[in-house]
Amino acid sequence: MRFSKISVSVLLFLIPVLFVSCLRKNTVESISEDELFTVSYGNFEEQLNIFSLNEIGNIQTGLFMQDGFFYLVNGENYKIMEMNSYGDLLTLYYNEDSQTKQFIESNEIKNLSIHKEIAYPFGYTGQIAVDSQKCMYVVCTIPRDRQELSSDRNTLYSQVILRVPRDGNQIDYIGQQGPGGTPFPFIRNVYVNEKDEFVAVCSANDGLMVYWFDNNGFLKSMVPVSSAEVPRISGIDEDSQVYVTIENIVPDFSEYKLYVKIDNYSSYSDKASKAQAGISYMNTLLYPLDLNTGVYGNPVSIPPYEESVTVDYSRLVYKIPYDFLGITRNGWKFFVVSTVSGFDVEMIHSESQKVLHRHFDVNKSNVLYHNMSLSSDGIISALYADEEGARVVWYRTDKLIQN
């Protein structure tokens, strides 16, 4: 697939009308959280095992919510729990390495209606998406002896997507080419659209790689998005240089389109020596990429979060780019950033030029790990883990975008 390049001079005029003032209001309206249920730690079927909170390394536990059902991927214990909004366990999926399996077998409590064993000896990383038929797409790491190294030895192909139907039967895995294909490079996230097509966004040496599959699991397109090929803008002055970071790519929910979030940074020089003194944040632009034509559309400017700090009677303002959380079925783009008192969320509907800004108050002094998920109808769910256990909450941002 061929992708067009947009010149710098054209880009400066194409930056769209959706600009929001960089000056934040002194107060931002908060939206309250609704705590739904808590999950204790342990190896029982309804518990999470994330004892690596006290160890060095990534936490491999994630959360996904759709239609009021919650899917908790507990990679530390090789299991997936499907629960309702009251915290009742509906289905438990586990593989042979799960300590929960040993508990179930030793106590002879296996319930065939809710206990589903997975034969694939994969490790779960925490990312998951679920389609309209409740088929789960779970990102997994394959055993070391099946991993592959690229010819230039710069890329490790070590992950696949486990496809788990609602009934737990006919489980298989998806690779680069489709069912049973070769493993992917590191998968950043996986998404499902309204047609039950799923998209894997993977890391690459010079950007990101996107794999788009149809609802049968067969590859439709493989799209490289390189930092050298994305649209670029000019620096602050003729001596400055622009550095591009592709923070995230999210597929559209209904169209054959990607949204590429780019954070731009510019170098600045010491006035006396004329030498480069550092790099500063410039702006964030969200580009739609039409996969039918390979053409980037007009970008939307995403205002950064601003944090004010007063030092020795001087007021300093730091600008921090938001993370791209996802897109809803009606086209709202959600962006989130962690703050001292919780999280700030920006919701932007570029087509109607509407912008909403809210704050989530969270006491982070006890939170050791958190994971957030955006549903297709615009509800943000979160898993907050502390020393005593984990709690699952949601924020009804769907009511805001409906209004």
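For the residue pair Y384 and M372, the shortest heavy atom distance occurs at OH-CE, 3.7 Å. Between D377 and I401, the closest heavy-atom pair is O-CD1, 3.9 Å.
Scored by the side chain to side chain donor-acceptor pair (under 3.5 Å) test, N215 finds no partners at all (sequence neighbours excluded). For E35, the salt bridge (Lys or Arg N to Asp or Glu O under 4.0 Å) partners two or more places apart in sequence, or in a different chain, are R391. In terms of the salt bridge (Lys or Arg N to Asp or Glu O under 4.0 Å) criterion, residue partners of K333 (sequence neighbours excluded) are, by chain and number, E351. For D263, the salt bridge (Lys or Arg N to Asp or Glu O under 4.0 Å) partners two or more places apart in sequence, or in a different chain, are K261. Taking D252 as the reference, nothing meets the salt bridge (Lys or Arg N to Asp or Glu O under 4.0 Å) condition, with sequence neighbours excluded.
Ring geometry for Y71 against F64 counts as tilted: the plane angle lies between 30° and 60°, on a 0 to 90° scale.
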Next item on the list: Test side chain to side chain contact (heavy atoms under 4.5 Å, CB included) on T61 and N371 and set out the steps.
Entry: CA-CA 8 Å; T61 293; N371 186 270; over 6 Å; no

Checklist line | Worked verdict on I187 versus Q127 for side chain to side chain contact (heavy atoms under 4.5 Å, CB included) | finding: CA-CA 9 Å; I187 300 175; Q127 297 96 328; 5.7 Å; no

Next item on the list: Start with the C-alpha distance between I380 and V336, add both sets of side-chain angles, then the distance that settles side chain to side chain contact (heavy atoms under 4.5 Å, CB included), and finish with yes or no.
Entry: CA-CA 10 Å; I380 295 179; V336 64; over 6 Å; no

Margin query: Does F70 form a ring-ring contact (aromatic ring centres under 6.0 Å, His included) with F37? I'd like the steps, not just the answer.
Written below: CA-CA 11 Å; F70 290 82; F37 58 91; 5.7 Å; yes

Next item on the list: Starting from the C-alpha separation in whole Å, work towards a yes-or-no answer on side chain to side chain donor-acceptor pair (under 3.5 Å) for S341 and H359.
Entry: CA-CA 9 Å; S341 58; H359 181 76; 3.0 Å; yes

Checklist line | Stepwise side chain to side chain contact (heavy atoms under 4.5 Å, CB included) test for Y296 and V260 | finding: CA-CA 9 Å; Y296 286 96; V260 183; 4.2 Å; yes

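In this structure a side-chain-to-backbone donor-acceptor pair under 3.5 Å is missing from Y322 to V337.
A cation-pi arrangement is present between K364 and F343 under the rule of less than 6.0 angstrom and at most 45 degrees off the ring axis.
Evaluated for a side-chain contact (heavy atoms from CB on, under 4.5 Å) with I142, the options F122, Y157, Y173, F184 yield exactly one hit, F122. The side-chain contact (heavy atoms from CB on, under 4.5 Å) test with Q66 is passed by exactly one of S373, S376, S381: S376. Shown are E96, E117, E45; of these, the salt bridge (charged side-chain N to carboxylate O under 4.0 Å, His left out) with K101 is made only by E117.
Side-chain contact check for F69 versus V130: every heavy-atom pair is 4.5 Å or farther apart.
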Quick one: side chains of residues 195-202, donor-acceptor pairs under 3.5 Å with protein atoms, not counting sequence neighbours, listed by atom name and distance.
residue: D196; atom: OD1; partner: S132; partner atom: N; Å: 3.0
residue: D196; atom: OD1; partner: S132; partner atom: OG; Å: 3.1
residue: D196; atom: OD2; partner: S132; partner atom: OG; Å: 2.7
residue: E197; atom: OE1; partner: N193; partner atom: ND2; Å: 3.1
residue: E197; atom: OE1; partner: W212; partner atom: NE1; Å: 3.0
residue: E197; atom: OE2; partner: K220; partner atom: NZ; Å: 3.1

